[in-house]
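Scroll down for the structure; my scribbles are underneath it.
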Amino acid sequence: MIEFIRPHFLWLLLPVSLLFVAYILLSRSKRLKSEQLIAPHLAQFMVSTEHKKNRLSPWLLSFFLIIGCIALAGPSWQKEKIPVFKASDARIVLMDMSLSMYSQDIKPNRLTQARFKILDMLTQFSEGETALVAYSGDAFTISPLSSDSTTLANLIPSLSPDIMPSKGSNVLAGVTRSIDLLKNADYLHGEIILVTDGIDREDIADLRDILSKHTYSLSIYAVATESGAPIQLPDVGFLKDNTGQIVIPKANYAQLKNLAASYGGRFAYFTAGEEDINTFKPRVKNDDALNESDQLSEQLLDGGVYLTLLLIPLLLLLMRERVILLVPLCIVAIAPQPSAAFELPDWLKNKQQKALDAYQAKDYNSAITDDNAQLSGAAYYQTQQYEKALDAFSNDNSATGLYNQGNALAQLGRVDEAIDKYEQALDKKPDFEQAQHNLNLLKQQQGDGDQQQGEGDQQQGEGDQQQGAGDQQQGEGDQQQGEGDQQQGEGDQQQGEGDQ
């Protein structure tokens with residue numbers, strides 16, 4: 001089926017047709033006048049052969065103009081698919097390298113057990129890509145996204161707070177670095193597994209602000225106890241604060257679990273068995289995850305340029321004795337190309353085709369063109385300018401256009417709007433597998449987050465209730481203690497009177 005990329009140019013056929021009809025009528029009028037002046041049996045000898053040949057020129061010119069108008073309209077009978085997403089799962093193991101990892105509430109210390117547990121986790125990640133990021137005062141990529149778990153396994157035993165360039169516990173930098181790795185690899189979905197012994201309360205709000213802008217989930221593995229323990233530094237002793245008090249870092253399980261549940265993640269704390277790391281097994285198999293979409297958009301290829309090859313012989317007939325002027329043009333057009341497959345020379349390609357070539361060469365900035373919003377949207381998408389990509393895709397209300405809008409909205413963290421766009425795409429194209437798959441993933445992620453959020457709120461409420469009961473019992477104990485002190489004072493007074 002032939003589609004036209006620029007159908008408005010077909011309106012040019014109307015003036016061309018009118019001019020041709022006007023010429024026919026004018027020619028007929030002249031011929032009638034000539035027949036009236038010259039007898040028919042003499043006209044065949046008096047009208048020159050050159051004049052008869054010239055009668056072909058209007059027909060050739062009209063055919064030339066018609067073919068030219070159709071070429072300008074951009075007939076297309078083939079499409080080019082532009083890939084977007086990766087075909088596998090992605091996860092970032094984000095490891096806390098603050099000094100508190102030396103605490104010994106978990107023997108021999110938190111750091112040692114954390115390294116063992118991560119090594120066990122890697123055996124579960126047989127599919128997809130995994131990266132390793134460590135943070136202390138700043139965050140550093142230890143290993144980029146890779147399907148080679150052996151490399152990660154060799155790096156983990158050497159990790160310790162001592163090798164970090166700066167001290168501290170900047171979890172915000174760690175999460176930001178993890179998100180950047182996933183975005184740069186074009187993953188729409190991914191999981192950040194934070195291995196830590198705790199998060200400062202003041203960092204929670206900032207973490208929520210960062211994570212709310214993306215569709216990545218945050219899972220937390222707590223390598224610490226709620227009672228805590230002093231930080232035993234190698235060859236130094238216990239870590240102390242500015243007042244000289246020994247620092248005892250503790251893990252707040254309820255707080256960490258609530259944070260993970262809010263962003264579709266999972267939570268577990270250290271146990272001696274395997275049930276803790278089993279929590280982080282991949283939820284779905286690789287072929288059920290967000291696979292590579294065959295396209296960001298099905299890009300129509302302009303076939304009008306091929307019609308220009310048909311215009312060349314017509315132009316030769318029209319020019320006749322001046323044909324020598326077209327010889328250099330013909331030589332360039334038929335010159336052999338270096339590639340085995342036929343490819344049009346650049347001078348024959350229009351702006352849209354050059355933009356598509358730039359996109360395929362990953363020169364996305366050059367692929368942005370006013371002539372094609374879908375191609376520009378794809379280029380903006382690849383350069384992570386999702387707002388501009390959304391604006392470009394919004395001009396297309398087809399099933400594919402709505403699907404592309406959903407992808408851009410999902411990258412911007414506007415999950416509800418993305419779900420709505422996927423549903424609209426499915427209304428127009430019920431068999432749109434990519435849209436249905438992405439819709440199911442977002443709904444599943446949203447449902448898991450709501451369920452875990454509810455569980456976290458329930459546990460938090462029970463904890464607050466127990467805390468209130470404890471405060472009440474503490475108050476009753478203080479009251480009883482006060483009564484005991486009063487009785488003791490009365491006894492001392494009576495004893496003093498007896499002594500007197």
Side-chain angles (χ1 to χ4, degrees), residues 1-25 57-82 295-315 318 329 333 343-360 363-381 385 387-405 408 421 424-425 427-429 432:
M1 180 179 179
I2 297 179
E3 301 179 58
F4 289 95
I5 298 175
R6 298 174 295 276
H8 51 277
F9 278 104
L10 293 176
W11 287 105
L12 292 176
L13 293 174
L14 184 59
V16 170
S17 301
L18 292 176
L19 288 174
F20 180 72
V21 171
Y23 175 81
I24 294 297
L25 295 176
S57 296
W59 293 91
L60 289 175
L61 180 60
S62 299
F63 190 52
F64 181 87
L65 292 176
I66 291 173
I67 297 298
C69 292
I70 295 176
L72 287 173
S76 176
W77 53 87
Q78 55 184 337
K79 297 179 180 180
E80 181 74 15
K81 294 183 178 180
I82 304 173
Q295 51 174 1
L296 184 59
S297 62
E298 285 189 338
Q299 180 65 46
L300 291 173
L301 292 181
D302 192 349
V305 68
Y306 300 108
L307 293 180
T308 59
L309 300 178
L310 181 60
L311 295 177
I312 293 176
L314 295 176
L315 189 61
L318 287 170
L329 181 63
E343 183 180 353
L344 290 173
D346 288 341
W347 63 271
L348 276 178
K349 293 181 179 179
N350 58 25
K351 185 178 180 181
Q352 180 182 357
Q353 288 176 310
K354 291 179 180 179
L356 181 58
D357 289 342
Y359 183 92
Q360 293 172 339
D363 183 8
Y364 300 124
N365 291 328
S366 300
I368 298 173
T369 172
D370 296 333
D371 295 341
N372 193 303
Q374 292 302 305
L375 184 59
S376 297
Y380 283 130
Y381 191 97
Q385 300 181 66
E387 288 286 358
K388 292 184 178 180
L390 179 61
D391 291 339
F393 291 145
S394 62
N395 296 324
D396 183 5
N397 289 323
S398 65
T400 300
L402 292 168
Y403 167 74
N404 293 335
Q405 294 173 39
K421 293 298 182 182
Q424 292 182 40
D427 289 340
K428 295 195 173 189
K429 186 179 178 183
F432 202 157

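For reference, positions follow the sequence shown, starting with 1.
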ask   = For the residue pair A425 and A399, what are the closest heavy atoms and their distance?
value =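 Answer, listing the atom of A425 first, then A399: CB-O, 3.4 Å.
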query = Of all residues at least two apart in sequence or in a different chain, which pass the side-chain contact (heavy atoms from CB on, under 4.5 Å) check with I70?
reply =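 Testing I70 for side-chain contact (heavy atoms from CB on, under 4.5 Å), a comparison that skips the adjacent residues, returns F4, I66, P75, L307.
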side-chain contact (heavy atoms from CB on, under 4.5 Å) against A389, all qualifying residues, sequence neighbours excluded =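 Testing A389 for side-chain contact (heavy atoms from CB on, under 4.5 Å), a comparison that skips the adjacent residues, returns Y380, Y381, F393.
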request  = Mind checking side chain to side chain donor-acceptor pair (under 3.5 Å) for S17 and listing every partner two or more places apart, or none if nothing turns up?
outcome  = none
ask   = How long is the gap from CG on L72 to CD1 on I67, to the nearest 0.5 Å?
value =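 Reported to 0.5 Å precision, the distance equals 11.5 Å.
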request  = Kindly say whether A408 contributes a backbone atom to a donor-acceptor pair with the side chain of K421 at under 3.5 angstrom?
outcome  =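 Pair absent, no side-chain N/O of K421 close to backbone of A408.
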task = Taking Q405 for its side chain and N397 for its backbone only, find out whether a donor-acceptor pair lies under 3.5 Å.
result =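 Not confirmed, Q405 side chain does not pair with N397 backbone.
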message = Do N404 and D396 make a side-chain contact, defined as non-hydrogen atoms from C-beta onward lying under 4.5 Å apart?
response =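 The answer is no; the side chains never approach within 4.5 Å.
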